[in-house]
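Have a look at the structure below, then the notes.
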Amino acid sequence: MSKTYFPEVGDRIKYEGRDSDNLLAFRYYDAERKVGDKTMSEHLRFAIAYWHTFASGGQDIFGLPTFSRPWHSAGTAMDGAKETLDAAFEFFQKLGVNYYCFHDRDIAPAGATFAESCENLEKIVAMAKEHQKSTGIRLLWGTANLFSHPRYALGAATNPDAHVLAYAAAQVKAAIDATHELGGENYVFWGGREGYDTLLNTDLKQEQEQFARFLHMAVDYKKQIGFSGQFLIEPKPKEPTTHQYDTDSATTLAFLREYDLMDHFKLNIEANHATLAGHTFQHELAVASIAGKLGSVDANRGDLLLGWDTDQFPTNLYSTTLAMLVILRQGGLGSGGLNFDAKPRRTSIDTVDLFHAHIGGMDAFARGLLIAQQILDDGVFDEFISERYSSYAFGVGKEVMEGKFSLEKASAWILSNGEPSRRSGRQEMLENILNRYLEI
Ligand code: XLS
Ligand code: NI
Ligand code: NI
């Protein structure tokens, strides 16, 4: 690497432990440390989001970009893309993260025609492949940006114009090809503008059917080219449209079941999208997990006072601990990982802020992992929960679970057994126990 984009960090960020006062060191994330039967890096599988960390300039709906990134200074759009790629791989290595994620249009610029866009993408993918080979860094997932360009203003797969759907399908083909070429372990479909603002101009059923057909085409193409990565859908309830179709885990699972797509997709759960849906992060993870469909995570957090997708870095230990409990309980994320779909605030203008942001997020999840593992080892909540449902292991409860009970039997049984005794849910006691574990 000839040029340095991050001179403020000389070598690799190190683990220095909780007594370190070095703000550019990990206090909890110790990649090789074993937790249970895996190392921290195997459990957490951190990934960097190309769009936020490298492509974004810090613009918001009211303001122009505030960051001046050294890799954005090059001449043509393709020169800029090459420099950005060099900067990205320098950053991944210095941070010690093994995975990254991108949209087609973050990594390579759109051209004047579709053919030129594909050519740009292929050229950058060839370079990314070289970088991956020389560093061992891998692609967690790729995706297509089907929401920024004006042609997608009314949606991509759910657009009322079939011409737009066809364009989106062509773009997805190229993005899957790019992901396949780079050995991507997953491919993500976030709804983008797949949703609606008013039913005065929208045929709800038609749009959902289009969406399902679109996803089936992707499944067919995946088989055709032998792409072995996992397809993921990322639920989000609103923004940009008022009603996004993949609202939350439960809605998305129902959609997959209805359209015979259940075998081909898992979910990518984003913390900020969970809160936008009026759920906790843990709820969304758990709903996906019990269906066997928790595939990957967009690790960020929202600002509960604001109510839009602020994409902040995760710092809340309560939330990372509860998330890691769900993840550990299902035996890990498999081919998924924890992707920092997060950006520093637009006032954090220096490149060193990117390190502070990611170090904080990685430490917050490493700490959540340690705490969650300890909770599981001690079995404290598990024991409480299984004891709480113990009446389903015998008698009437067992008959219910085995499908042998009925309303008539219930009537007879209640006549002789009368009122149930009442028991406390002990919520406050359990919350206190959880807070004790957070001391780790
Ligand atoms: C937007 C989504 C997006 C996806 C990738 O809110 O989080 O960033 O993760 O398209
Ligand atoms: Ni996301
Ligand atoms: Ni998001």
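Just follow the structure's listing: the first ligand is 1, and inside any ligand the first atom is 1. We number each residue from 1, following the sequence as shown.
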Between Glu431 and Asn435, is a side chain to side chain donor-acceptor pair (under 3.5 Å) present by the stated rule, with each step listed?
-> CA-CA 6 Å; Glu431 287 168 345; Asn435 270 0; over 6 Å; no
Pairs of nitrogen or oxygen atoms, one from ligand 1 and one from the protein, closer than 3.5 Å: please tabulate them with distances.
| unit_1 | atom_1 | unit_2 | atom_2 | d |
| --- | --- | --- | --- | --- |
| ligand 1 | 6 (O) | Lys236 | NZ | 2.8 |
| ligand 1 | 6 (O) | His273 | NE2 | 3.1 |
| ligand 1 | 6 (O) | Asp309 | OD2 | 2.7 |
| ligand 1 | 7 (O) | Glu234 | OE2 | 2.7 |
| ligand 1 | 7 (O) | Glu270 | OE1 | 2.7 |
| ligand 1 | 7 (O) | His273 | NE2 | 3.2 |
| ligand 1 | 7 (O) | Asp341 | OD2 | 2.8 |
| ligand 1 | 8 (O) | Trp51 | NE1 | 3.4 |
| ligand 1 | 8 (O) | Asp341 | OD2 | 3.0 |
| ligand 1 | 9 (O) | Glu234 | OE1 | 2.7 |
| ligand 1 | 9 (O) | Glu234 | OE2 | 2.9 |
| ligand 1 | 9 (O) | Asp298 | OD2 | 2.9 |
| ligand 1 | 9 (O) | Asp341 | OD2 | 2.9 |
| ligand 1 | 10 (O) | His103 | NE2 | 2.7 |

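Metal site remark for the Ni ion (ligand 3): Asp309 contributes an N, O or S atom at a distance under 2.8 Å. Backbone or side-chain N, O or S atoms of Glu270 reach the Ni ion (ligand 2) at under 2.8 Å.
For the 3.5 Å distance criterion, the side chains of Tyr196 and Asn201 fail to qualify, holding no donor opposite an acceptor. Looking at Asp353 and His356, their side chains never bring a donor and an acceptor atom within 3.5 Å of each other. When only modelled atom types and interatomic distance are considered, Asp104 and Asn145 share no side-chain donor-acceptor pair under 3.5 Å.
Looking only at N/O/S atoms, Glu234 comes nearest to the Ni ion (ligand 2) through OE2.
Cation-pi contact between Arg27 and Tyr15: absent, since separation from the ring centre below 6.0 Å together with deviation from the ring axis within 45° is not met.
To the nearest 10 degrees, the Ni ion (ligand 2) sees OD2 of Asp341 and OD2 of Asp298 at an angle of 90°.
Ring centers of Phe91 and Phe54: under 6.0 Å apart, within the cut-off.
In terms of heavy atoms, Asn186 sits closest to Ser335 at ND2-O, 2.8 Å.
Among the candidates Phe231, Tyr245, Phe255, the single residue satisfying the ring pair (Phe, Tyr, Trp, His ring centres under 6.0 Å) test with Phe189 is Phe231.
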